[in-house]
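These notes are about the structure you will find just below.
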Number of protein chains: 2
Amino acid sequence: MATIAVENYLKHTLLLAQRSPDGLVPMGELATALQVVPGTATTMVKALADSGLVLHEPRRGLRLTVEGRRVALNVLRKHRLVETFLVNVLKMDWAQVHAEAEQLEHAISDAVLDRLDALLGHPATDPHGDPIPSVEGTLSSAVYATLASCATKASLRVVRVTDQTADFLTFAEAHGLRPGAVAQVLDRNLPAGLVTLRRLRSKPFALSLAAAGKIWVAPVEAG
Amino acid sequence: MATIAVENYLKHTLLLAQRSPDGLVPMGELATALQVVPGTATTMVKALADSGLVLHEPRRGLRLTVEGRRVALNVLRKHRLVETFLVNVLKMDWAQVHAEAEQLEHAISDAVLDRLDALLGHPATDPHGDPIPSVEGTLSSAVYATLASCATKASLRVVRVTDQTADFLTFAEAHGLRPGAVAQVLDRNLPAGLVTLRRLRSKPFALSLAAAGKIWVAPVEAG
DNA sequence: GGATCTATTTTGATTTGTCAAAATCCATCC
DNA sequence: GGATGGATTTTGACAAATCAAAATAGATCC
């Protein structure tokens with residue numbers, strides 16, 4: 001069975017590969033994500049390649065094999081279902097649950113995972129709006145507009161918050177910016193790098209373009 | 001923070017110390033419990049002693065320090081609350097949950113532990129009847145009679161099943177021998193090493209003295 | 001097309017936890 | 001009171017994962 005370190009390398013490779021068109025992940029990005037020095041990543045990736053979990057293209061990067069992707073998706077599924085459990089059942093603060101899930105994702109068995117999934121009603125996304133991989137190994141890759149790129153004035157529904165930092169999530173929570181919330185962009189000042197926002201019946205407030213880009217939104221639908 | 005290995009050494013030391021009047025645990029017992037060779041236990045115990053978690057009395061054994069006991073109780077509390085959660089909430093088979101909890105006990109934070117404890121209604125024992133250490137670090141050490149030592153004919157309530165082996169728990173479950181069940185010892189044949197038992201309205205059945213000694217019982221009380 | 005810069009790899013060392021097997025201690029037994 | 005035997009400790013080795021720092025490969029820039 002994969003060690004905790006192996007699971008982490010594979011999970012982060014999957015997450016980084018998602019934002020790269022060809023699925024090739026540079027060594028440096030992986031090392032940064034895992035908070036190890038580059039040499040450590042090289043050593044480990046070579047070992048993963050020997051185990052058939054990744055393909056290593058020296059000096060270019062790595063990509064997951066089918067088996068590596070399978071393992072990575074299973075870990076990600078555990079992570080996101082655990083987060084959902086911690087928020088929906090244990091009522092924990094969504095800013096904390098990422099750190100908790102980083103540990104638990106390596107400790108829960110597939111049997112427990114299945115029970116949790118059933119208890120939670122087979123959710124499609126976690127509390128941050130991140131898609132939960134299915135048992136069969138499919139992962140939604142839907143792309144949405146963000147508060148930095150969407151049309152102004154229209155009513156929009158928040159669908160995903162793509163920054164797991166506790167500080168950012170606490171800020172978002174404080175302004176009601178969690179999946180399901182409805183808001184509209186009042187103004188976007190590019191030179192100043194500011195977006196002005198209003199939630200239903202609340203006071204307008206501003207946030208940076210960088211922060212706004214982390215909030216994914218969709219048009220509000222009937223019902 | 002304590003590593004997984006350290007937590008396991010301390011937890012098993014606590015469990016073994018409970019069945020020793022002076023709290024001294026022989027090296028060999030610890031090594032057997034942890035499934036390591038004796039030399040490994042010696043090495044590790046010396047390291048634990050350097051960290052102030054145990055006292056090592058060379059060639060005699062080891063005992064927990066106050067700090068070591070504190071850590072061990074916290075791990076044991078996690079283990080038993082997780083087992084309770086897995087059985088009571090996720091409805092898992094009580095024969096499986098010990099193995100699951102062995103992993104999870106090292107991955108759940110104190111914050112999650114507190115929420116779990118509240119969700120479960122602050123239980124005093126786990127599904128096997130093993131006492132759950134309190135947040136304050138107290139652990140019931142109540143001793144009961146067993147089906148191998150109790151009076152015959154009297155109605156008795158099962159309070160604890162002290163063998164976490166999946167096979168044994170499956171056997172016990174099949175005969176309804178879980179905490180709360182009521183049964184009476186019909187006969188005890190010492191030369192044959194057999195105990196004959198009957199649960200309310202069920203057919204009598206026999207089990208070995210060794211097996212009977214693992215089932216703890218108390219007099220049935222009114223209500 | 002050579003100098004330079006940056007990302008990556010290599011090298012050597014460290015920590016943690018483990019095993020195999022040899023050495024040692026100590027209680028006990030004649 | 002020395003031989004025996006079982007538990008414990010010591011010794012030397014190893015695997016996994018990491019870091020620091022030197023070496024190297026590639027891209028880029030005049």
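The structure presented is a predicted model; accordingly, all values stated were derived computationally and were not measured. Convention: sequence-line order gives letters A, B, ...; per-chain numbering from 1.
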Map A:Val6 and B:Pro58 onto DNA chain D by nearest heavy atom, then report which one ends up closer to the 5' terminus.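 Nearer the 5' end of the strand: B:Pro58.
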
Residue [X], side-chain heavy atoms: nucleotide from [options] that is nearest:
X	options	value
B:Thr43	D:dT10, D:dT8, D:dC19	D:dT10
A:Val36	D:dC19, D:dA16, C:dC19	D:dC19
B:Thr42	D:dT10, D:dT18, C:dA7	D:dT10
B:Val37	C:dA20, C:dT10, C:dG17	C:dA20

How many whole angstroms separate atom [atom1] of [X] from atom [atom2] of [N]?
X	N	atom1	atom2	answer
B:Glu57	C:dC25	CD	P	18 Å
B:Glu29	D:dA7	CD	P	11 Å
A:Gln35	D:dA17	CD	P	18 Å
A:Lys46	C:dT8	NZ	P	14 Å
A:Met44	D:dC19	CE	P	12 Å
B:His106	C:dG17	NE2	P	12 Å
A:Leu30	C:dT9	CG	C1'	15 Å
B:Leu48	C:dT16	CG	P	12 Å

Quiz question: by atom type and distance under 3.5 Å, do the side chains of [X] and [Y] form a donor-acceptor pair?
X	Y	answer
A:Thr65	A:Glu67	no
A:Asp126	A:His79	no
A:Thr165	A:Asp167	no

Just by modelled atom types, is the A:Leu55 backbone N or O under 3.5 Å from a matching donor or acceptor in the A:Arg63 side chain?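 Absent.
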
[X] side chain N/O closer than 4.0 Å to the phosphate oxygens (OP1, OP2) of [N]?
X	N	value
B:Thr40	C:dC19	yes
A:His56	C:dT9	yes
A:Thr3	D:dA16	no
A:Tyr9	D:dA16	no

Under 3.5 Å, is there any donor-acceptor pair linking the side chain of B:Arg59 to the base of C:dT24?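 Per atom types, the contact qualifies.
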
Students often get this wrong, so: under 4.0 angstrom with heavy atoms, is A:Gly39 touching a base, only sugar-phosphate, or nothing?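 Answer is base: heavy atoms of A:Gly39 come under 4.0 Å of a base.
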
Under the side chain to side chain donor-acceptor pair (under 3.5 Å) test against B:Glu105, which residue among B:Lys11, B:Lys78, B:Arg77 passes?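 Exactly one pass, corresponding to B:Lys11.
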
